[in-house]
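Structure first, commentary second.
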Amino acid sequence: MSDYEREARQQRVKALREAGVDPYPARVGPHEPIRAVLDAHGASDGAALEAASPEVAVVGRIMASRSFGKLMFLRLQADGESIQVSARRAEISPELFQFIKDLAVGDFARVEGVLWRTRTDELTVDARAVQVLAKALRPLPEKWHGLTDVDARYRQRYLDLLANEDARRIALIRSRTITAMRAFLDARGFVEVETPVLQPLYGGAAAMPFTTRHNLYDQELYLRISDELYLKRLVVGGLDRVYEIGHNFRNEGVSRKHNPEFTMMECYQAYADYRDMMGLVEDMFREIAEKVLGTSQLTYQGVQIDFGKPWARVTMRDAVREATGIDILEAVDLAALRAEVERSGLDVEDAPSWGVLVDNLFSETVEPKLLEPTFVTDHPLELSPLAKQSPDSPSLVERFEPFVAGMELGNAFSELNDPEDQRLRFEAARRARAAGDEEAHPLDEDYVRALEHGLPPTGGLGIGVDRLVMILSDASHIREVVLFPHLRAERREEPH
RNA sequence: GGGCGCGUAGCUCAAUUGGCAGAGCAAGGGACUCUUAAUCCCUAGGUUCGGGGUUCGAUUCCCCGCGCGCUCACCA
């Protein structure tokens, strides 16, 4: 590939070295944040600055450069803040002036100088001394179209962050969201823990795992698809309120809402049930939105969302009945439900079991309409091997999923703590597995043993953090909220 | 995995019916003491994603491959 520009930049680096200047020095001279300079002098007018001639030193990346012969302007940017720098031939030596001229857009520098205001009243540091901090060998993206190539934006996120304000905004919203989530849980007495990512047996969700191996123990391992079973073991152990924010890995499709590696917050609260967890979600989302955005009201992809109000609550049965006229508790087995679906003329994919058919009905007729924050409750038992059976209906469990803007943001239930029931559920899943359902939950003997020692009644909740950040940042694709999303392997560029 | 679309200079994009591959920005040289996408002159920069085919001639048409996007399926 052609590297005309790169060679020119390498020449500059070489010239600096030959002149005895380290282009990548180990020490940065004294300086203050650009924000501090703006705060201290942003209100001073030109006359006041001229009288005081305040001296400042700032550091940053050179984002723009405009030269007028004996005068030049640079824009220095650091940590999202920027300030203009000037160099005036009349004020400094010819050597220093040339040195500044030889700096390139993309380079890092420290500038000591005197504050003044230009004719356009812009606060500007007039350089008196300049230290090169790091030379760039490749250029920044084009300055006003920015970087729009989607693939490049994800593969070289650093360029995206430099060129596109929105990328930075989303990264900061993500950080503040997680900070606010921690603060919320910490304040309620939840203990943050870390459980294994490498698991000898995966569980806690219905999904295909990534597999790996530990050489020394000659052991097959899985990257976790969920941390649920470990967190509940901790509740058995007396950590009554625990949570973990971490990555789960699911060896499945990639879509607007799915990244194979994603961030999940799971929390478990002893002596609580799924209704308590609904209250927790309402409080948590309201508090996070207020902390991150300053308001509980927001717009996601044109949809108005208000986390200040209580969420709508609807059972899966009522939601499906309202959308289709079919009562899933009247059509109690697969044959009956199939007949109902057929009679209704709905375009719903057939399924191998009653529970899956209910889920298909729900996904296709209800889910896209759930724009307002809504808890959908009481799912088929068969789809929920870790949730407690509903006292009102043997075919349902105490479970809910929070939906916002048609997107499922999590999952929660009253945790199944009856070890014998748990064993039966696992065995049912094992039969489904034997019948070809690759995603059926594997039997975890050690987990059943833990339940046998006693798990108190416990409410559990998982929240898809990436999707929550999508909602809060109005991002349409999960890749926008993951700094380095999963991509196909790149063909390696030839080394230079 | 299926369908549709896209791939041209470092970046953002053009290129008539199939007829000399271009512009802006960035880069190099020059002019310029008030710019904010500065302006002006000059220069350089291309395996048109890769391979094959049709044709006198392919960025353009066809086939295969690669990559990316959208979408469907999958993902409770």
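All of these numbers come straight from a predicted model, not from anything done at the bench.
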Next on the checklist: Work out how far the P atom of rC41(B) is from that of rG65(B), and round it to whole angstrom.
Outcome noted: 49 Å
Next on the checklist: Rounded to whole Å, how long is the line connecting atom CG of Leu74(A) with atom P of rU35(B)?
Outcome noted: 16 Å
Checklist outcome for this item: From CZ of Phe68(A) across to P of rC40(B) the rounded distance in Å is 12 Å
Checklist entry - Within the structure shown, what part of the strands sits under 4.0 Å from Ser67(A) by heavy-atom distance: base, sugar-phosphate, or nothing? => result base
Next on the checklist: Would you say Thr148(A) places a side-chain N or O within less than 4.0 Å of OP1 or OP2 belonging to rC13(B)?
Outcome noted: yes
Item to check | P gap between rG7(B) and rU16(B), integer Å | outcome: 13 Å
Item to check | Rounded distance (Å) that lies between atom P of rU12(B) and atom CG of Leu140(A) | outcome: 13 Å
Item to check | P-based separation of rG5(B) from rC40(B) [nearest Å] | outcome: 41 Å
Checklist entry - To the nearest Å, how far apart are Leu137(A) CG and rA26(B) C1'? => result 15 Å
Next on the checklist: Just to be sure I understand the rule, does Ala163(A) reach a base, reach only the sugar-phosphate, or reach nothing, if contact means heavy atoms closer than 4.0 Å?
Outcome noted: nothing
Item to check | Matching residue for Lys232(A) among Glu266(A), Glu244(A), Glu415(A) - test: salt bridge (Lys or Arg N to Asp or Glu O under 4.0 Å) | outcome: Glu415(A)
Next on the checklist: Nearest whole Å is fine: how far is rC11(B) C1' from Glu142(A) CD?
Outcome noted: 6 Å
Next on the checklist: Mind checking if Leu147(A) touches a base, just sugar-phosphate, or nothing, with heavy atoms under 4.0 Å?
Outcome noted: sugar-phosphate
Next on the checklist: Categorize Arg153(A) for me: base, sugar-phosphate, or nothing, with a 4.0 angstrom heavy-atom threshold over every strand shown.
Outcome noted: nothing
Item to check | Cationic tip of Arg338(A) above Trp354(A) ring, under 6.0 Å, 45° of axis | outcome: no
Checklist entry - Touch check for Ala205(A), heavy atoms < 4.0 angstrom, all strands: base, sugar-phosphate only, or nothing? => result base
Next on the checklist: Students often get this wrong, so: under 4.0 angstrom with heavy atoms, is Gln84(A) touching a base, only sugar-phosphate, or nothing?
Outcome noted: base
Item to check | Glu81(A) backbone acceptor or donor facing Asp79(A) side chain under 3.5 Å | outcome: no
Checklist entry - With both distances kept under 3.5 Å, what pairs with rG24(B), Watson-Crick or G-U wobble? => result rC11(B)
Checklist entry - Are Phe262(A) and His247(A) close enough that their ring centers fall under 6.0 Å? => result no
Checklist entry - Considering Watson-Crick and G-U wobble pairs with both distances under 3.5 Å, what does rA44(B) pair with? => result none
Checklist entry - Using the ring of each side chain (for Trp, its six-membered ring), is Trp311(A) parallel, tilted or perpendicular to Phe375(A), with breaks at 30° and 60°? => result parallel
Next on the checklist: Give me the distance, rounded to whole Å, that separates rC25(B) from rA38(B) when you measure between the P atoms they each carry.
Outcome noted: 10 Å
Checklist entry - So, is Arg66(A) close to the rC32(B) phosphate, meaning a side-chain N or O under 4.0 Å from OP1 or OP2? => result no
Item to check | Distance test, side-chain N/O of Arg9(A) to OP1/OP2 of rG28(B), below 4.0 Å | outcome: no
Item to check | P-based separation of rG19(B) from rU12(B) [nearest Å] | outcome: 27 Å
Next on the checklist: Under a 3.5 Å distance rule, please check whether Ser44(A) uses its side chain to pair with a backbone N or O of Ala48(A) as donor and acceptor.
Outcome noted: no
Checklist outcome for this item: Rounded to whole Å, CG of Asp160(A) lies from C1' of rU12(B) at a distance of 15 Å
Item to check | Sugar-phosphate, base or nothing in reach of His477(A), heavy atoms under 4.0 Å | outcome: sugar-phosphate
Item to check | Residue matched to rU39(B) through Watson-Crick or wobble contacts both under 3.5 angstrom | outcome: rA31(B)
Item to check | Whole-angstrom distance between rC11(B) and rG52(B), as gauged at atom C1' | outcome: 32 Å
Item to check | Atom-pair distance (CE on Met208(A); P on rC74(B)), nearest Å | outcome: 16 Å
Next on the checklist: Atom CD of residue position Glu50(A) - does it have more than 12 heavy atoms of other residues, nucleotides or ligands inside 6.0 Å?
Outcome noted: no
Checklist entry - For atom P, what is the distance between rA15(B) and rU59(B), given to the nearest Å? => result 15 Å
Next on the checklist: In whole Å, measure the gap between the C1' atoms of rA9(B) and rU48(B) for me.
Outcome noted: 10 Å
Checklist entry - Considering heavy-atom distances to RNA chain B, does Glu364(A) or Gly69(A) have its closest nucleotide positioned more toward the 5' end? => result Gly69(A)
Next on the checklist: Using a distance-only criterion (donor-acceptor N/O pair, under 3.5 Å, no hydrogens), is the base of rU35(B) paired with the side chain of Glu122(A)?
Outcome noted: no
Next on the checklist: Measure NZ/Lys101(A) against P/rG29(B) and give the value in whole Å, please.
Outcome noted: 9 Å
